[in-house]
Amino acid sequence: MGYGSYRASDWTKLKTSRKLDTATTNEIFKSEKAKDKYLPKYFDKREARDSEEHPESTPIMIGVDVTGSMGYLSTQIIKESLNELMMKLYSTDYITDPQLLFAAIGDATADVYPLQVTQFETDIRIAEQLMELYLEQGGGDGPEDYDLLWYFADKCTDTDSFNKRHKKGFCFTIGDASNHTKLTKEGIKRTFGTDVKRDLTAKELAKNASQKYELFHIMIDNFAYDNIKSFIPGRVIYVNKQDIKYLPEIIISVIQLTKGTDKNTVLEQWDATIRPIIKNAIDKLTIAKGKLIHL
């Protein structure tokens with residue numbers, strides 16, 4: 001996927017037609033159950049392809065914990081962050097032909113729909129698909145399975161960026177809970193319809209996915225409960241809840257660091273009023289001589 005271009009006018013039209021400025025979470029996300037087309041056990045792969053319009057596609061996956069206390073984040077992304085992220089991604093030369101995929105993440109054993117995944121898209125369809133996802137009503141605030149998206153990235157994506165140019169994509173998970181230490185074979189079966197011989201540890205899932213993607217986790221508050229740093233060391237980004245409106249700037253900054261831009265240059269591009277917020281978010285990334293160290 002990944003045809004068409006994102007235009008501000010399309011966003012304005014969608015925002016007006018869906019009355020997003022005043023809509024509640026339930027009014028935005030109307031699905032009463034997950035749609036089969038977004039459940040990994042009903043499709044083979046998601047593809048990020050080059051095209052004449054976008055000759056050097058860059059796949060970017062963003063997975064959000066939509067259960068329990070994190071339901072508000074999906075609304076924040078739709079109302080504000082998505083448009084800002086897309087416009088800023090297209091306006092920078094650091095990221096060529098971005099193609100976005102969104103995922104709704106939960107618990108592989110406790111939630112009805114542990115993982116829902118959109119297509120990779122380059123236009124307003126990414127917002128339309130995001131609003132079709134189902135927000136899990138249960139889940140609570142215990143450990144989640146962000147590593148479901150790592151498994152998906154490794155096994156269920158096919159990208160020209162990696163196949164043709166040996167360039168990794170980007171995979172961001174976002175949430176306020178810790179991650180289970182392993183993904184059970186039962187959880188894999190019910191989520192992906194795939195039989196595996198044994199449980200897989202979060203650490204090996206991260207290692208496998210990192211062959212094709214740069215992995216990061218954005219921890220919202222609850223910093224003391226973060227165990228994800230042991231699975232992707234030096235790749236956890238800490239953000240206070242009141243600062244989530246700056247997720248576009250944070251995500252772009254991290255991508256730039258990964259591509260070799262030094263930290264000072266990354267920070268200087270942003271307005272002085274938000275520069276401290278971006279700095280705090282990326283401060284615990286493993287950076288040496290101003291640049292991000294790879295996994």
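Keep in mind that this is a model prediction, so the values were computed, not measured.
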What heavy-atom pair brings T118 and L130 nearest, and what distance separates the two atoms?
-> CG2-N, 4.2 Å
Could you check if a side-chain atom of Y146 sits within less than 4.5 angstrom of a side-chain atom of I228, using non-hydrogen atoms only?
-> yes
Side chain to side chain contact (heavy atoms under 4.5 Å, CB included) against K279, all qualifying residues, sequence neighbours excluded | L267, D283
Within one Ile-Leu-Val-Met-Phe-Trp-Tyr cluster: I62 and F162, side-chain cutoff 4.5 Å | no
Ignoring hydrogens and geometry, is there a side-chain-to-backbone donor-acceptor pair from R18 to I28 under 3.5 Å?
-> no
What is the minimum heavy-atom distance between T194 and I188, and which atoms define it?
-> O-CG2, 3.8 Å
Quick check: does any side chain N or O of H217 sit under 3.5 Å from a backbone N or O of T173, one acting as donor and the other as acceptor?
-> yes
Rounded to the nearest 0.5 Å, the CD atom of E186 sits from the CG atom of D195 at a distance of 10.5 Å
Close side-chain approach of S57 to R165, heavy-atom, < 4.5 Å = yes
Stepwise side chain to side chain contact (heavy atoms under 4.5 Å, CB included) test for I278 and I250 = CA-CA 6 Å; I278 310 302; I250 291 168; 3.7 Å; yes
Which pairs, with at least one residue in residues 153-164 and sequence neighbours excluded, count as a salt bridge (Lys or Arg N to Asp or Glu O under 4.0 Å)?
-> R49-D158, R49-D160, D50-K164, D160-K164
When you look at Q99 and T159, which way does the side chain to side chain contact (heavy atoms under 4.5 Å, CB included) test go after all the steps?
-> CA-CA 10 Å; Q99 296 190 8; T159 72; over 6 Å; no
dist I277:CD1 -> Y246:OH (nearest 0.5 Å) comes out at 4.5 Å
Does a side chain donor of either N227 or S230 reach within less than 3.5 Å of an acceptor in the other side chain?
-> no
Which heavy-atom pair separates S253 from Q269 by the least distance, and what is that distance?
-> OG-NE2, 4.3 Å
Is a donor on one side and an acceptor on the other found under 3.5 Å between the side chain of S31 and the backbone of A34?
-> no
Check T261 against L257 and note the closest heavy-atom contact, atom names and distance.
-> O-CD2, 3.5 Å
For Q242, does its backbone N or O pair with a side-chain atom of N240 as donor and acceptor, under 3.5 Å?
-> no
I126 side chain reached by F102 side chain, heavy atoms, under 4.5 Å | yes
Measure the CG-CG distance between L215 and N208 for me, rounded to the nearest 0.5 Å.
-> 10.0 Å
Under the side-chain hydrogen bond (donor to acceptor under 3.5 Å, both in side chains) test, which residues partner T96, sequence neighbours left out?
-> T58
Please check if atom NZ in K45 has more than 12 non-hydrogen atoms from other residues, nucleotides or ligands closer than 6.0 Å.
-> yes
To the nearest 0.5 Å, tell me how far M61 CE sits from F152 CZ.
-> 5.5 Å
Sub-4.5 Å side-chain heavy-atom contact between L205 and F231 = no
Exceeds 12 heavy-atom contacts within 6.0 angstrom, atom NZ of K284 | no
When I60 is tested against each of L100, L101, L85 for side chain to side chain contact (heavy atoms under 4.5 Å, CB included), which residue passes?
-> L100
Is any NZ, NE, NH1 or NH2 atom of the basic residue among K19 and E27 found under 4.0 Å from an Asp or Glu carboxylate oxygen of the other?
-> no
Contacts of T184 that satisfy side-chain hydrogen bond (donor to acceptor under 3.5 Å, both in side chains) - sequence neighbours left out | none
Which ring-ring contact (aromatic ring centres under 6.0 Å, His included) pairs, counting each pair once, include a residue from residues 165-198, with sequence neighbours left out?
-> Y151-F192, F172-F216
Without hydrogens or angle criteria, can the side chains of D107 and T109 be said to hold a donor-acceptor pair below 3.5 Å?
-> yes
Got K263 and L285 here, is their nearest side-chain heavy-atom distance under 4.5 Å?
-> no
Any chance you could measure R198, atom CZ, to K182, atom NZ, to the nearest 0.5 Å?
-> 11.0 Å
Out of curiosity, K241 NZ to I220 CD1, how far, rounded to the nearest 0.5 Å?
-> 10.0 Å
For D10, all residues meeting side chain to side chain contact (heavy atoms under 4.5 Å, CB included), sequence neighbours excluded | R7, I124
Sort out for me which residue in R125, K35, K30, K37 forms a salt bridge (charged side-chain N to carboxylate O under 4.0 Å, His left out) with E132.
-> K37
Q116 and L39, any side-chain heavy atoms less than 4.5 Å apart = yes
Are any side-chain N or O atoms of S210 and backbone N or O atoms of K207, one a donor and one an acceptor, separated by less than 3.5 Å?
-> yes
Answer whether the closest heavy-atom distance between the side chains of Y238 and K229 falls below 4.5 Å.
-> yes
In short, A202 meets W150 closest at the heavy-atom pair O-CZ3, 3.6 Å
Residue pair L115 / A103: nearest heavy atoms and the distance that separates them | CD1-CB, 4.1 Å
Could you go step by step and tell me if D111 and D145 meet the side chain to side chain contact (heavy atoms under 4.5 Å, CB included) rule?
-> CA-CA 10 Å; D111 291 326; D145 282 302; over 6 Å; no
Got Q129 and L133 here, is their nearest side-chain heavy-atom distance under 4.5 Å?
-> no
